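Reading through the structure tokens given below for one structure.
Values in this document were obtained by computation on a predicted structure and should not be read as measured data. A, B, ... follow the sequence lines: proteins, then strands. Residue 1 opens every chain.
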2 protein chains.
Amino acid sequence: MSTSSPSPEASQSSRGAVSPKGPSGPRSRRERPAKSALSLDAIVEAAVRIMRAEGLQRVTMRRLAKELDTGPASLYVYVANTAELHAAILEEFLGAVELGPAQEAGADGGDWCDRLVALLVSYTHVLFEHPSLAHSALVARPAGPNYLALVEAVLALLHEGGVPDGQAAWGVDVLLQVATATAAEQATRDETVSADDEDQALIRSLHGVSAGTHPRIAALGGDLYSGTPGQRIAWIFRAVINGTLNTPRTPA
Amino acid sequence: MSTSSPSPEASQSSRGAVSPKGPSGPRSRRERPAKSALSLDAIVEAAVRIMRAEGLQRVTMRRLAKELDTGPASLYVYVANTAELHAAILEEFLGAVELGPAQEAGADGGDWCDRLVALLVSYTHVLFEHPSLAHSALVARPAGPNYLALVEAVLALLHEGGVPDGQAAWGVDVLLQVATATAAEQATRDETVSADDEDQALIRSLHGVSAGTHPRIAALGGDLYSGTPGQRIAWIFRAVINGTLNTPRTPA
DNA sequence: ACCTGAACACCGTTCAAGT
DNA sequence: ACCTGAACACCGTTCAAGT
């Protein structure tokens with residue numbers, strides 16, 4: 001779990017983009033990063049650059065167009081809308097998820113459950129680095145190669161663990177959803193200025209509750225928000241994996 | 001599960017807002033809904049009105065100010081920002097969740113697990129009616145009385161089912177998170193114009209995958225997106241409840 | 001086919017000034 | 001204390017026109 005910074009330079013090789021800018025005279029040699037020809041690749045690359053420097057909330061069509069030295073209208077040739085743009089960025093980052101331990105069936109990484117937890121934790125780490133991405137992931141599910149590889153890896157581990165196919169098919173969804181939602185939630189807490197205040201507000205609410213009207217909240221008290229994020233997340237994954245393993249599709 | 005339309009007219013009684021507009025002459029009797037004095041209540045009420053008529057994405061500070069016949073700056077006396085506004089709206093709607101079956105310990109509503117599933121389904125139904133709300137819920141957890149009542153109800157059922165306190169304390173979070181995330185996801189599918197296309201894109205990706213590189217995806221095939229939303233959601237809740245019940249906090 | 005300028009129709013938030 | 005007009009600094013998306 002070294003949380004190595006994502007390297008979105010995998011897939012998406014530049015398909016035939018050899019400066020079709022036309023014979024309109026060579027621009028002065030190095031005014032800018034080059035004003036390379038527009039392409040999906042170039043757009044995503046620029047988007048990632050902006051995100052690293054200024055955060056996803058600054059990756060807007062207009063800001064991106066400025067970065068690429070053009071007008072916003074030009075981008076609509078390659079992406080249908082902002083959501084699709086964000087999905088493309090996410091796909092790129094998904095390349096940084098460590099699938100390794102999922103594929104080696106050797107015992108060096110622990111049993112299948114431990115390795116599945118590690119895989120999901122790696123996924124959340126990627127989302128954590130740019131938390132607003134997690135938010136995108138909840139809205140626009142990517143369908144790119146990196147996402148498919150992640151799904152396959154989860155399914156492989158569930159299969160290894162003997163989880164019945166039907167349960168695995170539905171479980172992979174919940175597992176990734178829980179991971180994404182957890183990242184999105186933690187994300188907002190880290191990013192937003194007022195998130196701490198909101199947390200405090202909730203904690204105060206939980207404590208200020210009377211045992212008469214809310215006996216269970218009062219009984220559990222501080223336990224409701226106990227544990228480190230790491231402990232909680234590991235428990236959550238184990239719990240959902242257990243549930244997937246033990247819950248038949250047709251109720252008893 | 002009658003999914004009765006939410007009636008956000010509970011809590012939040014108007015505290016002392018008796019038209020402190022001052023002696024600046026009575027406005028002509030009925031130009032508008034009244035231009036009643038500004039207050040958190042009035043703001044939330046107007047927000048709900050706009051949401052029902054035009055959707056949450058139209059509930060902006062500016063639109064809301066127009067509805068209240070004032071400038072956007074005026075709203076900042078009562079809400080700190082847009083996120084807080086959306087959280088207040090959500091709290092209001094949470095009053096429509098049917099807590100009933102959770103509280104009656106009688107056997108008429110099924111065992112604790114069935115009743116917990118029913119409660120969570122009721123919660124998702126509320127979110128489904130105005131799906132973008134689910135999105136808000138993922139970002140800004142409300143801390144109002146209706147949210148606390150929901151948490152208490154879930155905890156009560158987990159307690160009834162004999163779930164150990166520590167697991168219940170962490171489980172309530174996951175349960176509500178899964179419910180919210182599921183609603184948010186389904187939500188986007190229903191709302192967005194291109195959501196269907198995206199779904200199709202994912203399905204095509206899943207089908208277009210070779211058995212060589214993605215054996216598990218290929219093996220499960222159509223099962224990955226089988227079942228009705230209702231079947232899936234019920235299974236998800238049962239699985240997470242099972243997981244919460246059976247997963248101790250300290251790993252074996 | 002691809003690219004663009006300009007426009008349309010909006011946003012959140014702040015601030016100095018009023019009452 | 002509460003309310004406001006006006007401004008600052010932005011948005012996404014479309015469209016007619018160019019190359």
- Query: What one-letter contact string describes nucleotides 9-16 of chain D from 5' to 3', where B marks a base within less than 4.0 Å of any protein heavy atom, S marks contact via sugar-phosphate atoms alone, and - marks no contact?
  - Reply: --BBBBB-
- Message: Counting only side-chain nitrogens and oxygens, does B:Thr70 get under 4.0 Å of the OP1 or OP2 atom of D:dC3?
- Response: no
- Item | Pairwise P distance, C:dC10 and D:dA9 [rounded to whole Å] | 23 Å
- Message: Working to the nearest 0.5 angstrom, can you tell me the gap between A:Leu175 CG and A:Ile236 CD1?
- Response: 11.5 Å
- Message: Under 4.0 Å from OP1 or OP2 of D:dC2: is there any side-chain N or O of B:Tyr78 that close?
- Response: no
- Task: Could you give me the stems involving DNA chain C, meaning stretches of three or more consecutive Watson-Crick or G-U wobble pairs whose two defining distances are both below 3.5 Å?
- Result: C:4-8 with D:12-16, C:12-16 with D:4-8
- Note on the structure: Per side chain to side chain contact (heavy atoms under 4.5 Å, CB included), B:Leu94 is matched among B:Ile89, B:Asn146, B:Leu148 by B:Asn146
- Message: Nearest whole Å is fine: how far is D:dC2 P from B:Leu38 CG?
- Response: 11 Å
- Query: Do B:Glu98 and B:Leu119 have side-chain heavy atoms sitting under 4.5 Å apart?
  - Reply: no
- Closest approach of A:Val79 to A:Glu84 (non-hydrogen atoms, all atoms of both residues): CA-OE2, 3.8 Å
- Query: Can you tell me how far the CD atom of A:Gln231 sits from the CH2 atom of B:Trp170, to the nearest 0.5 Å?
  - Reply: 5.5 Å
- Task: Kindly say whether the aromatic ring centers of B:His135 and B:His86 come within a distance under 6.0 Å.
- Result: no
- Message: Within the structure provided, determine whether B:Glu54 and B:Arg63 are in side-chain contact (heavy-atom separation under 4.5 Å).
- Response: yes
- Message: Would you say that B:Leu56 contacts B:Met51 through its side chain, given a criterion of any heavy-atom pair below 4.5 Å between the two side chains?
- Response: yes
